[in-house]
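First the structure, in the form of structure tokens, and then the observations on it.
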Amino acid sequence: MRNREDGAARWLHDNAAVGTSLTAGPPSNTFEIDPTSDNHVLIAGGVGITPILAMALELAERGASWHLLYIGSSRQEMAFLEHLRGVRERVTVWETASRGRPDVPAVVSEWIHGASTALYCCGPAGLVESVSGDFSGRDDVRVLSERFTATTELGGSFEVELNRSGGRIRVPDGVSVLDALEERGIDIPWSCRAGICGTCETPLIAGRTDHGDSLVGTTRADDVCFPCVFRAADDDVIVLDI
Ligand code: FES
């Protein structure tokens, strides 16, 4: 059984040697530019600029309507500023050392216009959480975010019914559904085991879940779940199409 600290690097150290054959798949992007929105607001906190930078430059190349709020302690600490020089009129750099933390909804309000704005946020969990909360329920804003860590505790015990394999498994407190499935000899593809990458996406047939990932509710319908992190929302039996 693997825990959340395990991952590809650990597996390679422990198992791979010269001559080991590895299967590789193409990269997948679960944090991409929303093609349905005609306006884009990007918010990056610290190292969160990493994916946001590429998105900003892509939007610039497309001639799209966009603006970036880049938050960091000071310019000296903020990466990639030189890459943004060519689009500086669309970038607001916010140095918290001199200005304190920004009131994000107030700062970005003038950049939100039209029928549909996609708001992308990447950075510390606190920033992502507060931005998601600030704009939830707005019909004119679609929030898409990327976190670096899972936010869900694997609490509570519940049952999962396997629609195609047949039978049920009990998922103990503190154990992920992914781990419980593997214990049962059922392997599904995974990468992050933290609800971030989307690799373990599985059709959800019945039952209410606390999704716990960074994907459902922002970019996806509610008929899928991510067995590396989801939990049963109540006493429902969760039915998966596995
Ligand atoms: S393995 Fe990445 S979301 Fe489950």
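Both counts, for ligands and for their atoms, begin at 1 and track the order of listing.
Shown in contact with S191 at under 4.0 Å from a heavy atom are these atoms of ligand 1, numbered in order with element: 1 (S). The ligand atoms of ligand 1 that sit less than 4.0 angstrom from a heavy atom of R193 are 1 (S), 2 (Fe). The contact set between ligand 1 and G198, taken as ligand atoms under 4.0 Å from a residue heavy atom, comprises 2 (Fe), 3 (S). Listed by number with element, the atoms of ligand 1 under 4.0 angstrom from any heavy atom of W190 are 1 (S). Taking every heavy atom of G195 and a limit of under 4.0 angstrom, the matching atoms of ligand 1 come to 3 (S).
By the 6.0 Å contact criterion, CZ on R101 is open, its count of non-hydrogen atoms from other residues, nucleotides or ligands being 12 or less.
When only modelled atom types and interatomic distance are considered, S116 and S37 share a side-chain donor-acceptor pair under 3.5 Å. Judged purely by distance below 3.5 Å, without hydrogens or angles, the side chains of H67 and T92 pair a donor atom with an acceptor atom.
In terms of the ring pair (Phe, Tyr, Trp, His ring centres under 6.0 Å) criterion, H113 has no residue partners (sequence neighbours excluded). The side-chain contact (heavy atoms from CB on, under 4.5 Å) check on S98 picks up E95, with sequence neighbours excluded.
Considering atom 2 (Fe) of ligand 1 as centre, the angle to SG of C192 and to SG of C197 is 100° (10° rounding). Between SG of C228 and SG of C200, the angle at atom 4 (Fe) of ligand 1 works out to 100°, rounded to 10 degrees.
Classified by interplanar angle (parallel below 30°, tilted 30° to 60°, perpendicular above 60°), the ring pair F158/F230 is tilted.
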